[in-house]
Student: 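The structure under discussion is supplied below as structure tokens; questions concerning it will follow.
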There are 4 protein chains.
Amino acid sequence: MHVELYKIPQGGPDDVSGLDRLIQDGKLNPADIVALLGKTEGNGCVNDFTRGYAVQTLKHYLSGHIGADAASQLVYVMSGGTEGVLSPHLNVFTRSQRPDLPQRWGLVMGVAHTRDFTADEVGTVAMVKIVAEAVMGAIAQAGLEPDNVHFVQIKCPLVPAAQSAEQRSSYQSMALSRGASALGIALALGEITPEQVPAAAICHNYSLYSGRASTSAGVELKNCEIFVLGNAAHATGSLLVGHDVMAHALDADAVTRALNSTGQPNGEIINVFAKAEADPGGYVVGRRHTMLDDSDISHTR
Amino acid sequence: MHVELYKIPQGGPDDVSGLDRLIQDGKLNPADIVALLGKTEGNGCVNDFTRGYAVQTLKHYLSGHIGADAASQLVYVMSGGTEGVLSPHLNVFTRSQRPDLPQRWGLVMGVAHTRDFTADEVGTVAMVKIVAEAVMGAIAQAGLEPDNVHFVQIKCPLVPAAQSAEQRSSYQSMALSRGASALGIALALGEITPEQVPAAAICHNYSLYSGRASTSAGVELKNCEIFVLGNAAHATGSLLVGHDVMAHALDADAVTRALNSTGQPNGEIINVFAKAEADPGGYVVGRRHTMLDDSDISHTR
Amino acid sequence: MHVELYKIPQGGPDDVSGLDRLIQDGKLNPADIVALLGKTEGNGCVNDFTRGYAVQTLKHYLSGHIGADAASQLVYVMSGGTEGVLSPHLNVFTRSQRPDLPQRWGLVMGVAHTRDFTADEVGTVAMVKIVAEAVMGAIAQAGLEPDNVHFVQIKCPLVPAAQSAEQRSSYQSMALSRGASALGIALALGEITPEQVPAAAICHNYSLYSGRASTSAGVELKNCEIFVLGNAAHATGSLLVGHDVMAHALDADAVTRALNSTGQPNGEIINVFAKAEADPGGYVVGRRHTMLDDSDISHTR
Amino acid sequence: MHVELYKIPQGGPDDVSGLDRLIQDGKLNPADIVALLGKTEGNGCVNDFTRGYAVQTLKHYLSGHIGADAASQLVYVMSGGTEGVLSPHLNVFTRSQRPDLPQRWGLVMGVAHTRDFTADEVGTVAMVKIVAEAVMGAIAQAGLEPDNVHFVQIKCPLVPAAQSAEQRSSYQSMALSRGASALGIALALGEITPEQVPAAAICHNYSLYSGRASTSAGVELKNCEIFVLGNAAHATGSLLVGHDVMAHALDADAVTRALNSTGQPNGEIINVFAKAEADPGGYVVGRRHTMLDDSDISHTR
């Protein structure tokens with residue numbers, strides 16, 4: 001399996017010029033694309049429409065190259081929020097067979113889609129299980145051992161408050177959808193057992209978690225779109241993936257541990273996919289932070 | 001009882017120049033002040049420090065006129081949020097005896113303070129009851145019949161997330177503190193009975209409410225500060241108060257009803273104290289509103 | 001000329017279900033559409049991508065009905081900002097010939113597009129003149145006398161800071177583009193003369209203005225898209241348009257004057273297109289407002 | 001000269017409990033305080049009242065220890081903005097004579113106040129010159145050579161839009177006040193000459209700058225309050241100061257250079273005073289950033 005990652009700067013959520021150039025120049029075969037992971041310049045919260053805008057633009061563009069059906073089968077994960085030094089860009093993953101190249105230990109990937117979830121299912125044990133099955137499917141598709149999985153990305157739905165039968169806020173729905181998806185990953189990777197996930201545990205029992213999950217919710221989809229990255233012996237490309245868990249927002253050692261986990265700590269870094277949050281206890285390394293009480297800037301930013 | 005209301009524009013949360021001018025000119029006797037109700041230019045949410053800044057400034061200023069003890073006994077209700085056409089200003093209520101003037105049906109007022117609440121008590125049935133008792137005290141102090149009470153204002157505490165044993169967010173604490181305070185008013189006014197308020201009802205059973213309550217939470221106090229306005233026969237001033245409940249954000253008829261409820265609908269309007277919220281159902285007069293899902297501007301603004 | 005206005009609620013910037021239902025039900029002929037004026041749920045400022053998202057969605061949808069060329073010739077004016085009681089919706093204007101109906105004094109409309117502007121031209125006297133010519137073209141197309149024009153809407157470009165040769169901020173570009181467009185309208189309507197508009201006057205000389213202009217800037221276009229509404233004798237529909245200028249944000253009398261200007265002040269109101277701003281002098285009816293100094297919420301909101 | 005720095009966490013802008021504990025415990029003599037540099041939890045922009053609130057609280061508290069006159073003579077520099085991992089805290093600098101200790105190369109400091117500036121003077125060449133003189137006074141007071149100055153901090157005024165004769169926005173005033181203050185520092189340190197600073201250069205000619213200036217504007221003062229830090233042979237404490245200029249927001253090498261410039265790169269770090277901005281060109285290390293066009297979060301945050 002030959003996996004390549006193309007990192008493409010974007011001038012806006014509807015900018016496909018960089019991707020188009022690669023395709024026009026013959027450097028990227030659109031038929032090989034399996035997943036597109038974008039960082040868009042919206043607020044990353046409930047009313048972030050840059051995600052849907054980017055997906056609509058990409059689907060429309062790719063339909064012209066590979067047909068509407070194939071374009072709708074890809075995994076699109078758009079995540080908003082490019083405050084500070086983050087720059088809006090697109091990560092395009094391609095997967096192909098290169099029997100001409102020697103096999104070596106390296107990056108392989110698998111993708112999966114779940115069925116659509118109803119508003120009532122989002123954030124439930126049922127969602128956890130359906131996600132876990134889909135993640136296991138993606139792992140199998142990649143030809144990976146669970147222990148060699150380093151990163152599972154899920155784009156999951158959020159239910160706007162107006163559609164919530166239980167009068168959940170949009171933020172609560174966002175949290176529950178991401179929490180259930182992450183526990184689905186943990187279940188698929190053997191980090192937790194099914195018995196450990198009663199409904200009350202989701203978003204409440206913080207001792208249950210996955211060290212390899214990244215989940216992001218959006219109004220622009222109703223199912224979960226999933227991709228799995230790991231290292232295996234049947235790779236033919238030059239990429240490797242590693243990971244680690246940060247204990248807190250200033251845990252720089254985790255970066256070193258993640259680099260070491262690739263087996264090639266001195267290699268060139270292509271991209272870093274990091275997921276963080278304001279510490280829910282209100283402190284970073286023993287000092288009070290103000291993110292939870294900032295009513296002007298949501299702590300998720 | 002002679003009640004006067006002085007409406008004083010402010011150049012900032014620490015601007016007491018207008019109040020000082022009235023006092024220096026002999027138009028307002030600082031010893032007669034019983035309550036100060038300010039609209040300050042903070043965000044009105046959790047991290048709004050303009051409320052505390054204004055209270056600190058006023059207490060310090062008034063201490064110079066009436067002593068620190070008397071200054072600390074007044075009711076200070078600072079409420080943030082002057083978006084749009086609201087202009088930062090101070091309402092200073094004075095109360096005095098004017099036996100030289102004839103008695104007439106008009107505005108009277110009473111004030112009260114509760115004891116400090118612990119973080120655990122905020123938002124509980126215990127808080128509801130303590131508030132109700134204090135409101136009844138203020139009504140009695142004013143010499144009012146409950147039916148003639150038109151407005152009860154409470155400034156109540158909010159518990160920042162970092163201090164919450166139950167890991168409540170600051171916003172949740174804000175809602176519970178205001179909800180319990182409002183139900184305390186409803187209880188004092190006979191709008192609900194004690195049996196109707198189990199703990200689970202607070203901020204959940206929306207059929208329980210007061211038509212005359214206005215409650216505002218802030219980090220700058222730990223108790224409730226209360227004032228009550230109503231009409232009675234032993235007034236000597238020229239003011240009257242009225243009220244009504246808005247069914248939705250565009251319910252202009254409620255303004256007419258409120259004017260009519262004063263008994264003098266064509267009189268001059270001195271001030272309007274209005275309290276509103278984004279409709280929690282997500283619709284205003286059958287049309288979707290976006291306030292609940294706006295992650296940039298909290299719906300409380 | 002027969003002009004109809006369809007007001008269609010939207011569930012999001014990409015929601016064309018309401019428009020689709022009207023077309024499927026035969027109530028609206030897509031070939032008659034000349035302009036689409038939408039109020040979208042973005043911030044209405046520089047990084048509001050809901051406008052472009054809505055336009056992309058509408059163009060794609062209408063291409064399926066009238067072809068891509070015809071769809072790209074329509075006037076799309078998307079304006080962000082639905083804080084408070086504004087509800088996201090679409091106004092679809094159709095224009096057709098109905099020789100079967102009697103002519104009466106009523107609403108007629110014209111549309112126009114300018115050529116694309118370079119980044120350097122935005123906000124200049126050259127832009128004023130090109131806009132004025134296009135507005136005159138739209139007035140002629142409508143068969144209107146300038147005195148009977150009540151509303152001219154222009155969607156104009158804004159140049160993001162990164163593309164500005166003169167290091168203008170995006171906000172400055174937004175203001176200059178709207179200012180030059182509005183003065184182009186004033187010129188076309190005879191409210192000002194060409195000699196009155198030197199470059200230095202644009203956005204500086206506030207004595208030059210149009211009483212009938214509404215201009216809105218966005219990153220999603222490089223030219224100006226224009227539509228003109230007025231009353232004329234060759235109308236066959238039942239609609240009328242009126243207008244007035246508000247002296248300040250609380251000028252309710254302007255609403256009465258606008259209704260009177262239609263000639264039928266007691267008719268049913270279909271929609272109100274209002275344009276306002278935070279008073280640049282810092283006061284509303286003599287009272288300080290805080291909008292210019294609110295660093296959390298831009299005053300344009 | 002013996003300089004000590006006390007770093008004190010704060011629970012809010014009005015929290016002096018940490019400072020009070022140090023004084024009560026005899027660890028900090030309030031009579032030795034010369035400057036207080038705080039990081040408060042406001043937005044750091046125009047309507048940030050946490051700065052004034054903190055200063056008012058500190059002055060009131062210190063008046064009780066050293067008298068109102070002495071308390072008003074200190075340098076108070078409160079700077080808002082504690083997003084992310086910044087924690088609200090106070091830096092209290094004390095200065096005293098310790099003839100009992102041996103002199104060594106180490107930290108010394110000087111302070112100065114300018115006179116009040118009129119609204120018209122803020123941001124002008126006159127301000128540059130008055131600031132330069134005051135900075136030179138502080139350098140002399142510290143017994144420093146200009147080359148050994150590592151850090152000059154100025155708190156300068158900003159003129160709210162409503163008070164600006166020239167209709168400058170509050171943000172423009174903020175920039176001009178900081179720019180003129182920084183050029184005053186550059187002039188005092190010999191980094192530029194007086195001839196290089198015509199009025200048009202302030203905030204426009206970016207080739208003129210100081211490598212050692214940090215300036216912060218606020219509505220809470222009308223003059224400039226200044227302190228200067230550097231190393232000299234007549235120090236008796238154990239502290240040293242260093243500095244460097246970051247070429248861009250990711251210039252980590254500048255941190256190493258700053259440590260080296262102290263002469264003791266492996267010493268313990270007490271605090272870092274960093275000043276940054278969104279790159280006005282719109283790019284960080286060749287990649288587009290979105291801070292200048294984010295209408296929800298001002299780029300100064």
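Below, chains carry the letters A, B, ... as their sequence lines are ordered, and counting in each starts from 1.
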Student: For atom OH of Tyr209(D), is the number of surrounding heavy atoms from other residues, nucleotides or ligands below 6.0 Å larger than 12?
Tutor: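 Check fails, neighbour count at 12 or below.
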
Student: Check this for me: His113(C), atom NE2, are more than 12 non-hydrogen atoms of other residues, nucleotides or ligands nearer than 6.0 Å?
Tutor: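 It does: His113(C) NE2 has more than 12 such atoms within range.
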
Student: For the side chain of Asp293(D) and the backbone of Asn47(C), is there at least one donor-acceptor N/O pair under 3.5 Å apart?
Tutor: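 No, the answer is negative, given that no donor and acceptor are paired below the 3.5 Å cut-off.
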
Student: Which heavy-atom pair separates Ser298(D) from Ser295(C) by the least distance, and what is that distance?
Tutor: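 Ser298(D) and Ser295(C) have their closest heavy atoms at CB-O, 4.4 Å.
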
Student: Does any backbone or side-chain atom of Asp296(D) lie under 4.5 Å from a heavy atom of chain C? Answer side chain, backbone, both or neither.
Tutor: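 Both parts, backbone and side chain.
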
Student: Partners of Ile130(C) by side chain to side chain contact (heavy atoms under 4.5 Å, CB included), sequence neighbours excluded?
Tutor: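 Side chain to side chain contact (heavy atoms under 4.5 Å, CB included) check on Ile130(C) returns Thr114(C), Arg115(C), Phe117(C).
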
